[in-house]
Amino acid sequence: MPLAEGGSMHRPIRVRPRPGQGELQASEWLLFFGALVAALLICGGGFWQLQRSLAGALSGPPTATPRPTWTPSPRPSPTPPEPTPTPTLPASVQVGIFVKVTGAGEQGLSFRRAPGLQAERIRFLPEGTIMRVIGGPEEADGLTWWQLEDPQTGEQGWAAGAYLSPSYGP
């Protein structure tokens with residue numbers, strides 16, 4: 001071999017694998033494929049996350065999901081009681097009903113201690129006064145008289161039936 005200038009020898013280096021060293025061992029192949037699978041999974045997960053975030057950005061701001069509300073179930077309403085029928089007024093004055101003073105004029109109807117025009121007057125009953133019939137009828141001075149009671153005071157007296165008409169109570 002010739003010597004190079006400076007006294008050192010250069011020879012080209014050739015690297016040749018030793019027999020059996022150019023091929024990968026089974027454990028090396030497993031390590032290589034494991035790293036490849038891990039890299040694919042990482043890239044795939046990143047791609048999936050990117051796709052989700054882009055889809056969310058393109059669809060607009062997130063909207064609130066309505067929450068269910070509780071609605072009470074309807075309860076059956078109680079059946080109203082049958083209305084009490086309004087009693088039918090009798091056609092004429094009789095004991096046990098209420099009467100109203102009608103047609104007596106501004107002065108009202110004379111309320112007397114006994115039946116008859118000459119009996120002592122207790123007071124005048126104004127038009128529209130409601131009284132209860134407790135007795136009668138009695139005939140005097142050409143009129144039919146009824147014994148009445150004031151339902152508010154209990155005061156009793158007599159009045160001419162021509163100025164009384166059947167009515168509902170007070």
Side-chain angles (χ1 to χ4, degrees), residues 30-31 33-170:
L30 282 174
L31 185 61
F33 282 117
L36 184 62
V37 168
L40 288 174
L41 286 176
I42 290 171
C43 289
F47 179 74
W48 179 77
Q49 185 65 25
L50 178 65
Q51 185 181 15
R52 271 188 61 207
S53 66
L54 285 176
L58 293 176
S59 67
T63 57
T65 303
R67 297 180 61 159
T69 57
W70 178 76
T71 304
S73 59
R75 293 185 179 172
S77 57
T79 305
E82 289 292 322
T84 305
T86 306
T88 306
L89 291 176
S92 61
V93 177
Q94 57 189 343
V95 175
I97 69 165
F98 287 96
V99 290
K100 181 193 296 189
V101 175
T102 58
E106 284 187 35
Q107 185 176 355
L109 177 62
S110 291
F111 190 50
R112 301 180 181 270
R113 296 222 182 266
L117 295 173
Q118 302 307 314
E120 179 187 348
R121 182 179 296 125
I122 300 169
R123 64 183 169 108
F124 288 102
L125 300 175
E127 190 80 19
T129 301
I130 303 290
M131 303 292 276
R132 180 189 333 261
V133 180
I134 60 170
E138 295 279 332
E139 297 294 326
D141 299 325
L143 296 169
T144 304
W145 294 82
W146 294 93
Q147 187 179 19
L148 307 177
E149 178 182 65
D150 187 331
Q152 295 176 351
T153 65
E155 183 180 37
Q156 295 179 0
W158 292 80
Y163 301 99
L164 302 174
S165 62
S167 178
Y168 297 107

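Hydrogens, waters and symmetry mates are skipped; everything else that's a heavy atom, side chains included, is used.
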Original post:
Are any side-chain N or O atoms of Glu127 and backbone N or O atoms of Ala104, one a donor and one an acceptor, separated by less than 3.5 Å?
Top reply: yes
Original post:
Does Tyr163 OH have over 12 foreign heavy atoms under 6.0 Å away?
Top reply: no
Original post:
Could you give the distance from CD1 (Ile130) to CZ (Phe98), rounded to the nearest 0.5 Å?
Top reply: 8.5 Å
Subject >> Contact summary for Ala160 and Leu143, nearest pair of heavy atoms >> reply: CB-CD1, 4.0 Å
Subject >> By side-chain contact (heavy atoms from CB on, under 4.5 Å) - contacts of Ile134 (at least two apart) >> reply: Arg132, Gln147, Glu149, Gln156
Subject >> Atom pair OG1/CG of Thr129 and Leu109 - distance to nearest 0.5 Å >> reply: 8.5 Å
Original post:
Is the backbone N or O of Val93 less than 3.5 Å from a side-chain atom of Trp146, with the two atoms forming a donor-acceptor pair by type?
Top reply: no
Subject >> With sequence neighbours excluded, residues passing side-chain contact (heavy atoms from CB on, under 4.5 Å) with Pro90 >> reply: Gln94, Ile97, Pro166
Original post:
Which heavy-atom pair separates Pro126 from Val101 by the least distance, and what is that distance?
Top reply: O-CB, 3.7 Å
Original post:
Looking only at heavy atoms, what is the nearest atom pair of Gly136 and Val95, with distance?
Top reply: O-CG2, 3.8 Å
Subject >> Which atom of Gly116 lies closest to which atom of Trp145, heavy atoms considered >> reply: N-CE2, 3.2 Å
**OP:** Output the distance between atom CE (Met131) and atom CG (Leu164), rounded to the nearest 0.5 Å.
**Re:** 9.0 Å
**OP:** Could you pull out all residues at least two apart from Glu139 that satisfy side-chain contact (heavy atoms from CB on, under 4.5 Å)?
**Re:** Thr144
Original post:
Just by modelled atom types, is the Ala119 backbone N or O under 3.5 Å from a matching donor or acceptor in the Arg113 side chain?
Top reply: no
